[in-house]
Amino acid sequence: MKRVVILISGGGSNMVALCRSMTGDHPARPVLVLSNEPEAGGLARARDMGIPTAVVDHRPFRGDRAGFEAELLKPIEAARPDILCLAGFMRILTPGFVDRFAGRMLNIHPSLLPKYPGLHTHARALAAGDAEAGCTVHEVTPALDAGPILGQARVPIRPGDTEATLAARVLAEEHRLYPAVLRRFAAGDRRPVTP
Ligand code: GRF
């Protein structure tokens, strides 16, 4: 049974989708939900599901990324993870941290990578007049939002769409894509998941 640690910073809707999927004959189980944000709404949702949680507030380490990551590593290592899932985790991780989990750390990004790495993906797709948008699950490598793609899901951009309506449409796909990719990845299959 693969042990999965999920890192969040906010509401944790992707974390909830992942945890709900890890049942029955699924080859993985969540062992820890960890947040850099003490007020993250996802912490209460994880507790409601009976999943252990931890918080490492990044604020005391302002400017000391290595110090923050050294602290972050403590609950992660204690949980003995096989796989790390970043799910709405909003801190950039150093290459040193990423290398420790090379080949076993996933992230979900709300765009069709390689388009729109970084922030404000929906606003950028709308501004560009794109016909479609979507989300990508990828392996995390030192370069931001640039690792091997493990799955993508596409949604149409509709006339009158706002950042909020597009984000909601993409988020619904994220909640389907990420669990599908994790299940396949946890079974040792790295073939990309496409709809
Ligand atoms: C989502 O848009 C996800 O793509 C991004 O963070 C946002 C919030 O995710 N990574 P969640 O509701 O906290 O899972």
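Only this structure's heavy atoms are used, side chains among them; waters, hydrogens and symmetry mates stay out. First listed ligand is number 1; within each ligand, the first listed atom is number 1.
Considering both main-chain and side-chain atoms, G12 comes within under 3.5 Å of ligand 1 through a nitrogen or oxygen pair.
In the displayed structure, M90 atom CE is contacted under 6.0 Å by at most 12 heavy atoms of other residues, nucleotides or ligands.
The ligand atoms of ligand 1 that sit less than 4.0 angstrom from a heavy atom of S13 are 11 (P), 12 (O), 13 (O), 14 (O). Of all atoms in ligand 1, listed by their number and element, those nearer than 4.0 Å to a heavy atom of P110 are 4 (O).
Protein heavy atom nearest atom 7 (C) of ligand 1, with residue, atom name and distance: G88 CA, 4.5 Å. Here the heavy atom of the protein found nearest to atom 14 (O) of ligand 1 is N14 N, 2.8 Å. The protein non-hydrogen atom at the shortest distance from atom 1 (C) of ligand 1 is E174 OE1, 3.4 Å.
Of the residues L93, T136, L86, V137, the one that meets the side-chain contact (heavy atoms from CB on, under 4.5 Å) test with N107 is L86.
Applying the salt bridge (charged side-chain N to carboxylate O under 4.0 Å, His left out) test to pairs two or more places apart or on separate chains, those with a residue in residues 29-40 are E37-R59.
Under the 3.5 Å distance criterion, the side-chain polar atoms of D189 are left unmatched by any main-chain donor or acceptor of R184.
The aromatic rings of F68 and F61 sit tilted, their planes meeting at an angle between 30° and 60°.
A salt bridge links E77 and R100; the closest N-O separation between the charged side-chain nitrogens and carboxylate oxygens is under 4.0 Å.
A heavy-atom separation below 4.0 Å is found between I108 and ligand 1.
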